[in-house]
Amino acid sequence: MYTLSLFLLTLFSLYIGVFAFFRWDASFLRNLSHAPVQVLFILAFVALLLAALVLLYRLVNGMSEKNQKRLGLSFFLILAVGQLGFLAVIRPQLRYDPLKIFDMAIEMLRTHTISGTYETGYFARYTNNYPLTILTYWLLKLLQDVGVPESGFMLAVQLVNVVCILVSVVLGYLILKELKGRTEAVFFLGVCVLCPLSYVWAGYFYTANCSMPFLMGIVYLGIRIQKALDAFHRRTVVHSVLTTASNYRKGRLTLLFALLGVVTVFGFKLRATAAIALIALCIDSALRSWRRREEGLAGLIGETLRTLSVPFIAFAVTAALSLGLFSSAVNTYVNFDYKNIGFPAVHWVMMSARWDGSFDQNDENYTVSFETKEEKTAADLAILKERIKEAGPLGLVALSGRKLLNTWVDGTDSYQAEDSYASYGKVYDYLIGNKSGLLLIYTQAFRTLEMLVIGLGAANALVRLWRKKKRPQLFLVQLTLLGGMAFHLLWETNPLYSIGFTYLCLMLLADGVAEFTEALPDYTVSDRLWITPAAGTVLLALLLVFAKKELVDTPIEAYDYAIDQYQYAGGYDGYVTSYDQNYVQTFTTDKPFNRISIRVINPLDDYNQSAFCVRLTDGSGHVVYENDRFLAGLVTKTALYEFQLEDIVPNGETAYTLEIWPGYIEDENSLEFLSYTTGNWDLYPDGQLSVGGETVKNGDLAFAVYQYRVTTYFSLKQYLVLCAGMIMLAVGVTVLSRKMFV
C-alpha cells in the first residue's frame with residue numbers, strides 16, 4: 001500500500017506539474033501566447049522561486065531556536081495582516097454559491113427556515129449546503145443580537161473565513177513541528193507567506209475554506225494519536241503493569257479521540273472531502289499496525305482492544321452527538337421534502353463522466369426532471385453506465401487525465417472570477433483585473449514548482465522505502481492529498497475544489513525543498529547552484545524584452561469598471577408584458593465611464609420585434625444619454641447588452657438614474673430584465689431599483705458601468721518599473737545564492 005500510494009502520488013503530481021508549464025491563461029501576451037513562450041516564462045519563475053526557497057530554508061536553518069520562534073511569529077503576522085489588508089483594500093464581495101448561502105442565512109433571520117424555492121430550488125437540490133447555511137445563520141443571529149448592523153454581516157463572515165485560513169496554517173505548522181521539527185515548521189510559514197493563494201481567498205467564505213481547518217485538524221489529531229500510541233506501546237513493553245502514568249496516557253488518548261469525533265463530523269458536514277483525512281488516517285494506522293505483525297497478530301489485536309476500546313467509545317459518542325446536532329438542526333430549519341428533491345450522490349459522478357468532469361447545466365436539468373430520489377438515482381445511473389461504455393478503458397484514462405488537470409493545474413484556482421466584484425482601482429487591476437498578468441505567471445509558477453516537488457518528493461520516499469524499508473514521515477499528509485486527487489477522479493471537478501488542500505500541498509512543498517537543501521553537499525555541486533537563478537534571471541530578462549511589444553506597444557481593448565453588479569437572483573418579473581413595467585436603477589460613481597450594460601433574456605433571438613427606450617440622467621436631472629429605441633432582437637440570449645455613451649466624467653461622487661421602459665411589446669415578443677431582488681442582501685448599496693414605480697427592497701439590476709478604451713496593457717513607464725523590480729529581485733536571489741553556496 002505504501003508503494004502504490006507513493007507511486008500514484010508521484011504519477012499524478014508530475015503529470016499535473018508538467019502540464020502546468022503551459023496549461024494556463026496567457027492571452028494577455030497575445031501573439032506570444034504559445035506553448036514554448038509559456039514554458040520559458042514558467043521555467044524562469046520556477047528557477048528563481050526554487051532558489052529563493054532554498055535561500056529561505058538556509059536562513060531559517062542557521063538561526064537559533066529563539067530567533068526561529070520570532071521569525072515564525074513574524075511570518076504569521078505577515079499572513080494575517082496580508083489577508084486583512086486584502087479585505088480592506090480590495091473589498092471582495094461574495095458571488096455565486098457562497099452568496100446564496102450568505103443570502104439565505106440573512107433570510108433565515110426573518111423566516112427561521114431554509115427555503116426550498118429560493119433561486120429556482122437551489123437549496124432543495126444542494127442539500128450538502130445546509131450545515132454551512134445553518135451555522136452562518138447562527139453566527140448572524142448572534143451578531144444581530146449584540147447590535148452589529150446588517151451592513152457589517154458580509155465582512156463578519158469574511159473575517160471568520162480569515163480565521164479558518166489562519167487556523168489551517170497554524171495546524172500545518174504544528175504538524176510539521178511534530179514530524180520534522182521547528183526548523184521545517186517555520187520554513188513552512190515562510191512558504192505560506194510567499195504563496196499568493198494565502199491572501200486572495202481572504203474573502204471567500206465557503207465550504208472549501210471553512211472545512212479546511214477541520215481537514216487539517218484530523219491530520220494533526222491523527223499524528224498526535226499515533227505518537228501517543230507509539231509512546232504507550234514502548235512503555236507497555238518495558239512495564240508490564242498499569243501505572244498512574246499509563247492511566248494518564250489513556251485519558252489523554254481518550255480526549256484526542258473525542259476531539260477527533262467532533263472535528264471529523266464538523267469537517268465532513270461542511271465539505272465531504274474533509275473525511276478523506278480520516279480515511280487516510282485509518283489506512284495509515286492499519287499499515288503501521290501491519291508493520292508490527294512480527295510481534296504476533298493475536299497479541300497485537302489484544303493490545304489494541306485494551307488500549308483503544310475506551311477511546312473508540314469516546315470517538316463514537318462525540319461523533320454521534322455532533323451528527324445529532326446537525327440532524328436536529330436540519331429537521332428544525334428545513335420543512336420541505338428535500339430527500340426526494342435533493343440530488344443523489346450518483347448525480348455528481350454521472351455529471352463528472354464527461355469531457356473534463358465540470359458542471360453541466362444540461363445534466364442538472366436532466367436530474368431535476370425526475371420526481372423521486374429513486375427515479376433520479378436510476379436515471380443518473382443509467383446515463384453513467386452509458387458514458388462509461390462509450391468511453392471505454394482508454395477513454396476513461398483520458399477522462400481521468402483531463403479531470404486531474406481541471407482541478408489542480410490552474411495555479412490561481414479561479415480566484416480572479418470569485419474576486420471580480422470588488423473595489424476597483426489600481427491595486428485591483430494589478431492583483432485581479434486588467435494588469436494582473438505577471439501575478440498570474442507567478443501563481444502558475446508556484447503551482448508548477450509545488451506539483452513537481454510533491455511528485456519528486458513522493459518518488460524519493462518510494463526509493464527510500466524500497467532501499468531502507470523506511471516509512472515516509474509525511475505519509476499521512478501525502479495519502480490525504482492523494483485521496484483528494486483520487487476523489488475528484490470520480491466526482492465533479494473545478495479549479496475551486498483544490499482550495500481545501502492548499503496547505504497540505506504547501507507542507508509537502510516545504511518538506512521537499514528542505515530535503516533537497518539538506519541533501520546538497522557543502523562543496524562541489526552546491527558551489528555551482530547559483531547558476532540556476534542566474535540562468536533564470538537571464539531568461540526572464542530576455543522574455544521581458546520580447547514581451548515589451550505585446551504589453552507596451554500593442555493596442556488592446558480595456559474595460560475599467562466603476563460598477564459590475566452582474567449577479568441576478570430572486571423573484572424574477574418575467575418577460576415585460578405591460579407598458580407600465582418600467583425599470584429605474586440609480587447608481588453613484590466618481591469614475592469616468594462611457595458604457596452601461598445590462599443582463600437580459602431574449603427568448604426569440606433575431607426574431608424578437610419588441611423595442612425599449614433608455615434614458616440616463618445625472619443628479620441634476622440633465623439627460624446625458626437617451627436612446628428612443630433599442631431592438632430586442634439585438635440582444636443575444638442572456639449575454640450582456642451594452643449601451644455606448646459619450647465619455648462621461650463625473651465631478652466627484654455623482655448620482656445617476658438609468659431608466660428603461662417598453663416602446664413596443666407583444667406577448668413573448670419581449671425581454672426579461674435580470675436583477676438581484678431576493679430582498680435579503682443589498683449587493684449594491686449605492687443604488688436602488690424600482691419596477692413599475694414600486695421600489696424593490698435591496699434590489700438592483702444586473703448591470704455594469706465602465707469605461708471602454710483602446711490602450712496598451714502597460715505604459716512604458718509602468719512596464720519599466722515592473723521589469724526593474726522583477727530583475728532586481730532576480731539578481732538579488734542570484735547574488736545571495738552565489739554568496740551562500742560558494
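Sequential numbering from 1 along the given sequence is applied to the chain's residues.
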* Would you sort out whether F266 and F326 count as a ring pair (Phe, Tyr, Trp, His ring centres under 6.0 Å), showing the intermediate values? => CA-CA 9 Å; F266 269 76; F326 282 107; 4.9 Å; yes
Nearest heavy atoms of [X] and [Y], plus distance in Å:
X    : Y    : value
L79  : S198 : CD2-CB, 3.7 Å
N406 : D356 : ND2-O, 3.3 Å
T677 : G699 : CG2-CA, 4.2 Å
S578 : P662 : O-CG, 3.5 Å
G267 : F214 : CA-CB, 3.4 Å
L94  : M154 : N-SD, 3.6 Å

Are the side chains of [X] and [Y] in touch, meaning some heavy atoms are under 4.5 Å apart?
X    : Y    : value
N608 : P603 : yes
F153 : F102 : yes
F205 : T136 : yes
K376 : P344 : yes
L215 : F501 : yes
S498 : H488 : no
Y122 : D97  : yes
F612 : I665 : yes

Near [X] [atom1], under 6.0 Å, is it more than 12 heavy atoms from other residues, nucleotides or ligands?
X    : atom1 : result
F268 : CZ    : no
N331 : CG    : yes
W138 : CH2   : yes
E694 : CD    : no
D606 : CG    : no
R91  : CZ    : no

Point-to-point distance, once rounded to the nearest 0.5 Å, from [atom1] of [X] to [atom2] of [Y]:
X    : Y    : atom1 : atom2 : value
Q718 : K435 : CD    : NZ    : 3.5 Å
N680 : N698 : CG    : CG    : 7.5 Å
S597 : L701 : OG    : CG    : 11.0 Å
R709 : I556 : CZ    : CD1   : 8.0 Å
L671 : I601 : CG    : CD1   : 9.5 Å
I598 : S675 : CD1   : OG    : 11.0 Å

Distance only, no hydrogens: is a donor on one side chain within 3.5 Å (strictly under) of an acceptor on the other, for [X] and [Y]?
X    : Y    : value
T443 : Y415 : no
E371 : N340 : no
Q416 : S436 : yes
D413 : Y204 : no
Q93  : Y684 : no
Y366 : H347 : no
N602 : Y641 : no

* So, do Y338 and F123 have ring centers that fall under 6.0 Å from each other? -> no
* Asked: Are F630 and F643 close enough that their ring centres sit under 6.0 Å apart?
  -> yes
Is the backbone of [Y] close enough, under 3.5 Å, to the side chain of [X] for a donor and an acceptor to pair up by distance?
X    : Y    : result
T133 : N129 : yes
S211 : T273 : no
D605 : G633 : no
N161 : A202 : yes
Y713 : N434 : yes
T493 : G357 : yes
S670 : V576 : yes
N594 : Y708 : yes
E107 : L109 : no
T586 : Q688 : yes

* Charged tip of R629 within 45° of Y664 ring normal and under 6.0 Å -> no
Would you call the rings of [X] and [Y] parallel, tilted or perpendicular, where under 30° means parallel and over 60° means perpendicular?
X    : Y    : result
Y424 : Y561 : tilted
F587 : F703 : tilted
Y656 : F593 : perpendicular
H112 : Y137 : perpendicular

* Asked: Any ion pair linking K591 and D560 (charged N to carboxylate O, less than 4.0 Å)?
  -> no
* Test salt bridge (charged side-chain N to carboxylate O under 4.0 Å, His left out) applied to E374 - qualifying residues, sequence neighbours left out -> none
* Partner residues of F86 under the ring-ring contact (aromatic ring centres under 6.0 Å, His included) criterion, sequence neighbours left out -> none
* **The single option from Q567, Q585, Q565 passing side-chain hydrogen bond (donor to acceptor under 3.5 Å, both in side chains) against D700** => Q585
